[in-house]
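Owing to the predicted nature of the structure, the values given are computational and were not obtained by experimental measurement. Both ligands and their constituent atoms are indexed starting at 1 by order of listing.
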Amino acid sequence: MKYFKVAKEKFKKIHKEYSKRDILILGIESSCDETSVAIVKNGREVLSNVISSQIEIHKRFGGVVPEVASRNHVLAIENVVREALEKANVTLQDIDAIAVTYGAGLVGALMVGVTYAKSLAMACELPLIKVNHIKGHMSANYINYKELVPPFIGLIVSGGHTALVRVDNYTQNTLIGTTTDDAIGEAYDKVAKVLGLGYPGGPIVDKMAKEGKHNIQFVKHDMLKGTYNFSYSGLKTAVINYLHNERQAGHEVNVADVCCSFQCEAVGMLVDKAIRACKEYGFSTIAVAGGVAANSYLRTTLTEACEKENIKVLFPPMSLCTDNAAMIASEGYFNAISGEGLADLSLTADPNINLKYSGRK
Ligand code: KG4
Ligand code: ZN
């Protein structure tokens, strides 16, 4: 097909010319409830990063409704692309390639971004680069820390994922540990819901926890101690059971104390394992990414613990922690300069892609 032949040639040119000229990538993200489009120069410089959030729409349902998310992506995407180009002060003629999240996420939501990206790539005869959303989160650190180069330990904590990875190079991650059940962000959202605090739960629980004390122990032992895996389902259920029992007994629940105690346990697990992995693999840096990287308690406790161990810890700015297209464009750039990730027009959404283990868990 003519389109793919041209796209392939242009893709090869990126790989050949990136050290001699600027490369502009247009990134598209629609895996959950944010429609986002960004223009990123040379993988690290954000020219624009427009995020159209649906949080207000989903709030009244207490969480993201997949069908509603897809419909709103359809309504938003055209304008978000236009705004991203305008803000970056570029036109589609200036763009070298389109990068799009093709998974993991909600299938209907992903399909909107993927379909739009394919149409744009075909109409402009531009290479299409497929980006794994989970890996994309880590690229937020390349944007914020211009000097950051792999290898390092990555901790990806979001509403859908909890993963400890060895970032081997710009395109390859090896999974060291992951959640055996719920993601940490999912647990935050659920706990907020049962406390009647609203959606999304992470930022509210984070804020409430500052007013409370760590005076309740929900989970006695980390059943996965000694491994690099995490479990949040037990902790979540323990909080739900605690609330149920207290309410049944007619006791008044101190919401701030519940938030603080839950948060200490949830974050505590991450800190110990990330540091242990960094020491075991002999690296000197831990980079954190994903929505939960915005958590203030994680930021302070991991920073303090890393200082003691002489480990450098990096967090993206708040705006790049939660879903955004700048990280997708950046990830797309690093794929392209490595000659990886080129997709043709048969690309489809893959809601369940994950990271791969190295063989040792
Ligand atoms: O990365 P993200 O935007 O979407 C996914 O890829 O899942 O992460 C969203 C998650 C939600 O679960 C939200 O509650 C959580 O990140 N989150 C936080 C904070 N801000 C967002 N969790 C804890 N503390 C926060 N400050
Ligand atoms: Zn995400």
Considering non-hydrogen atoms of the protein only, which is the closest contact for [atom], and what is the distance?
atom                    : result
atom 15 (C) of ligand 1 : Val292 CG2, 4.0 Å
atom 11 (C) of ligand 1 : Asp189 OD2, 3.6 Å
atom 22 (N) of ligand 1 : Gly202 CA, 3.3 Å

Which of the numbered atoms in ligand 1 are under 4.0 angstrom from any heavy atom belonging to [X]?
X      : value
Gly185 : 12 (O)
Thr322 : 3 (O)
Gly160 : 7 (O)
His133 : 6 (O)
Gly159 : 5 (C), 7 (O), 8 (O), 9 (C), 10 (C), 12 (O)

* Taking all heavy atoms of Cys321 and all of Arg299, pick out the closest pair and write down the distance. => SG-NH1, 3.8 Å
* Could you tell me which non-hydrogen atom of Asp323 sits nearest to which non-hydrogen atom of Ser31, and how far apart they are? =>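 Answer, listing the atom of Asp323 first, then Ser31: OD2-OG, 4.0 Å.
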* Phe334: ring-ring contact (aromatic ring centres under 6.0 Å, His included) partners, not counting sequence neighbours ->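 Once residues adjacent in sequence are excluded, the partners of Phe334 under the ring-ring contact (aromatic ring centres under 6.0 Å, His included) criterion are Tyr142, Tyr170.
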* Looking at side-chain heavy atoms only, is the closest gap between Arg276 and Asp272 below 4.5 Å? -> no
* Asked: Hey, does Val80 have a side-chain heavy atom less than 4.5 Å from the side chain of Glu34?
  -> no
* To do: Using a cut-off of 2.8 Å, find all protein N, O or S atoms closer to the Zn ion (ligand 2) than that distance.
  => His133 NE2, His137 NE2, Asp323 OD1
Got a salt bridge between [X] and [Y], using NZ or NE/NH1/NH2 to carboxylate O under 4.0 Å?
X      : Y      : value
Lys236 : Asp182 : yes
Glu125 : Lys2   : yes
Arg71  : Glu67  : yes

* Mutual orientation of the aromatic rings belonging to Phe230 and Tyr232 [parallel < 30°, tilted 30-60°, perpendicular > 60°] ->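 Ring orientation of Phe230 relative to Tyr232: parallel.
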* Option with minimal heavy-atom separation from atom 8 (O) of ligand 1, where the choices are Ala266, Gly136, Gly291, Ala187 ->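 Heavy atom nearest to atom 8 (O) of ligand 1 belongs to Gly291.
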* To do: Could you name the option among Thr101, Ile156, Asp206 that has the heavy atom nearest to atom 26 (N) of ligand 1?
  => Asp206
* Assess Lys59 against Tyr199: is NZ or CZ under 6.0 Å from the centre of the six-membered ring, and within 45 degrees of the ring's axis? =>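 No, Lys59 and Tyr199 do not form such a contact.
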Would you say ligand 1 has an N or O under 3.5 Å from any N or O of [X]?
X      : answer
Gly290 : no
Glu186 : no
Asn295 : yes
Pro200 : no

* Using side-chain contact (heavy atoms from CB on, under 4.5 Å) as the criterion, list what pairs up with Glu83, not counting sequence neighbours. =>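 By the side-chain contact (heavy atoms from CB on, under 4.5 Å) rule, Glu83 matches Val50, Lys87.
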Please tabulate, one pair per line, all N/O donor-acceptor pairs under 3.5 Å involving side-chain atoms of residues 105-114, not counting sequence neighbours.
none

* For ligand 1, is any non-hydrogen atom under 4.0 Å from Asp323's backbone (N, CA, C, O), its side chain (CB onward), both, or neither? ->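 The answer is both.
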* Asked: Does the side chain of Thr227 pick up a donor-acceptor pair with the side chain of Asn229 at under 3.5 Å?
  ->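 Checked: Thr227/Asn229 side chains show no N/O donor-acceptor pair below 3.5 Å.
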* Asked: Do Val253 and Met208 sit in the same hydrophobic cluster, where Ile, Leu, Val, Met, Phe, Trp and Tyr count as joined when their side-chain heavy atoms come under 4.5 Å apart?
  ->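 Yes, because Val253 and Met208 connect within a single hydrophobic cluster, where side-chain heavy atoms sit under 4.5 Å apart.
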Give a yes/no verdict on whether any heavy atom in [X] is under 4.0 Å from an atom of ligand 1.
X      : value
His161 : no
Cys32  : no
His137 : yes

* Near His214 NE2, under 6.0 Å, is it more than 12 heavy atoms from other residues, nucleotides or ligands? -> yes
